[in-house]
Amino acid sequence: MPLLADYSTTARPDRGIVEVYDSDAYIGDEEALKESRTQVVAGNGYHLYLHSLQPDIPVEIVIRIWDTPQEPSADAEGTTAVTLEAETGLLVVNQLTYGPAGELSLPRPGVYEGHATWNGRHETAAYHASTIRRGAEERWSPERIGLSWEECPAAERYTLDLWFVRESEPDDEDDE
């Protein structure tokens with residue numbers, strides 16, 4: 001069960017969302033975005049949305065590519081099955097307003113299945129709320145609030161454990 005790729009980056013969950021998608025599938029999906037608000041992670045096969053409960057404190061995104069299916073981590077707060085097709089073989093981790101936080105070259109293009117797990121969502125959201133409240137009460141500057149984000153004692157983390165399942169189907173456009 002070798003690990004083929006292990007990638008991590010931090011991303012600001014602007015409007016509570018971080019996206020992961022194939023570099024050629026950057027157009028969003030409103031239905032999947034709505035589903036992520038209740039399921040935490042949702043997608044349409046080409047585009048995943050990871051939903052944080054806060055919009056300001058950077059979160060860690062980990063993407064691991066395995067050669068065989070893996071079991072979800074037993075200590076995860078939550079988990080859901082995911083499918084992600086990457087026809088280009090290049091995944092992008094995107095922040096809605098700030099743009100790409102990073103990208104990962106997959107071992108090969110195609111369809112990957114796996115699971116998403118998460119930890120630290122509620123603790124980070126509680127810290128965010130208390131910082132906003134305290135900042136308002138004590139009239140903190142935006143700089144002081146930003147420093148507080150960096151001092152967050154909780155680590156919000158989303159992990160995608162994926163494995164290759166098949167080649168991508170040819171596009172109808174390619175046949176013309």
Participant: Taking atom OH of Y158 and atom CZ of R121, what is their separation to the nearest 0.5 Å?
Facilitator: 4.5 Å

Participant: Atom CZ of residue position R139 - does it have more than 12 heavy atoms of other residues, nucleotides or ligands inside 6.0 Å?
Facilitator: no

Participant: Is there a side-chain contact between P107 and I65 (heavy atoms, below 4.5 Å)?
Facilitator: yes

Participant: Enter the distance from D14:CG to N94:CG here, rounded to the nearest 0.5 Å.
Facilitator: 10.0 Å

Participant: Using every non-hydrogen atom in the two residues, find where I63 and V20 come nearest and quote the distance to one decimal.
Facilitator: CD1-CG1, 4.2 Å

Participant: Is L53 close to T124 at the side-chain level, that is, under 4.5 Å between some pair of heavy atoms?
Facilitator: no

Participant: Classify the angle between the aromatic ring planes of Y112 and F164 as parallel (below 30°), tilted (30 to 60°) or perpendicular (above 60°).
Facilitator: perpendicular

Participant: Linking I/L/V/M/F/W/Y whenever their side-chain heavy atoms sit closer than 4.5 Å, directly or via other members, would W118 and V18 fall into one cluster?
Facilitator: yes

Participant: Does Y49 use its side chain to pair, donor to acceptor, with the backbone of E30 at less than 3.5 Å?
Facilitator: no

Participant: State, yes or no, whether a side-chain contact exists between R37 and I17 at a heavy-atom distance under 4.5 Å.
Facilitator: yes

Participant: Is it true that D161 and R64 make a salt bridge, defined as a side-chain N closer than 4.0 Å to a carboxylate O?
Facilitator: yes

Participant: Got C152 and H128 here, is their nearest side-chain heavy-atom distance under 4.5 Å?
Facilitator: no

Participant: Check whether E138 reaches the backbone of A136 with its side chain - one donor and one acceptor, N or O, closer than 3.5 Å.
Facilitator: no

Participant: Consider only side-chain N and O atoms of R15 and T97, and report whether a donor and an acceptor are under 3.5 Å apart.
Facilitator: yes

Participant: Answer yes or no: is there a donor N or O on one side and an acceptor on the other, between the side chain of Y7 and the main chain of E103, under 3.5 Å?
Facilitator: yes

Participant: Keeping the roles fixed (side chain from E156, backbone from V59), state whether a donor-acceptor pair exists under 3.5 Å.
Facilitator: no

Participant: Which of these, V62, V40, T79, L160, sits in a side chain to side chain contact (heavy atoms under 4.5 Å, CB included) with T117?
Facilitator: T79

Participant: State the NE2-NZ distance between H51 and K34, to the nearest 0.5 angstrom.
Facilitator: 14.0 Å

Participant: Could you check whether any side-chain N or O of H47 sits under 3.5 Å from a backbone N or O of L33, counting only pairs where one atom can act as donor and the other as acceptor?
Facilitator: no

Participant: Which pair of non-hydrogen atoms, one from T10 and one from A101, has the smallest distance, and what is that distance?
Facilitator: O-CB, 3.5 Å

Participant: So, S168 versus E85: side-chain donor-acceptor pair below 3.5 Å or not?
Facilitator: yes

Participant: Is there a path of hydrophobic side-chain contacts, each under 4.5 Å between heavy atoms of I/L/V/M/F/W/Y residues, joining Y46 to V82?
Facilitator: no

Participant: Indicate whether the side chain of Q39 and that of T80 have a donor and an acceptor atom separated by less than 3.5 Å.
Facilitator: no

Participant: Which atom pair, heavy atoms only, marks the closest approach of A42 to E35?
Facilitator: CB-CB, 3.7 Å

Participant: Side chains of S23 and T88: is there a donor and an acceptor less than 3.5 Å apart?
Facilitator: yes

Participant: Report yes or no: does E19 contribute a side-chain atom to a donor-acceptor pair with the main-chain N or O of L96 at less than 3.5 Å?
Facilitator: no

Participant: Is there a continuous path of hydrophobic side-chain contacts, each under 4.5 Å between heavy atoms, that joins I132 to I57?
Facilitator: yes

Participant: Work out which heavy atom in D22 is nearest to a heavy atom in L91; give both atom names and the distance.
Facilitator: N-CD2, 4.1 Å

Participant: Would you check if L104 and T9 make a side-chain contact, meaning some heavy-atom pair closer than 4.5 Å?
Facilitator: no

Participant: Mind listing the closest non-hydrogen atom pair of R157 and T159 along with its distance?
Facilitator: NE-OG1, 3.5 Å

Participant: Taking all heavy atoms of G114 and all of W163, pick out the closest pair and write down the distance.
Facilitator: CA-CH2, 3.4 Å

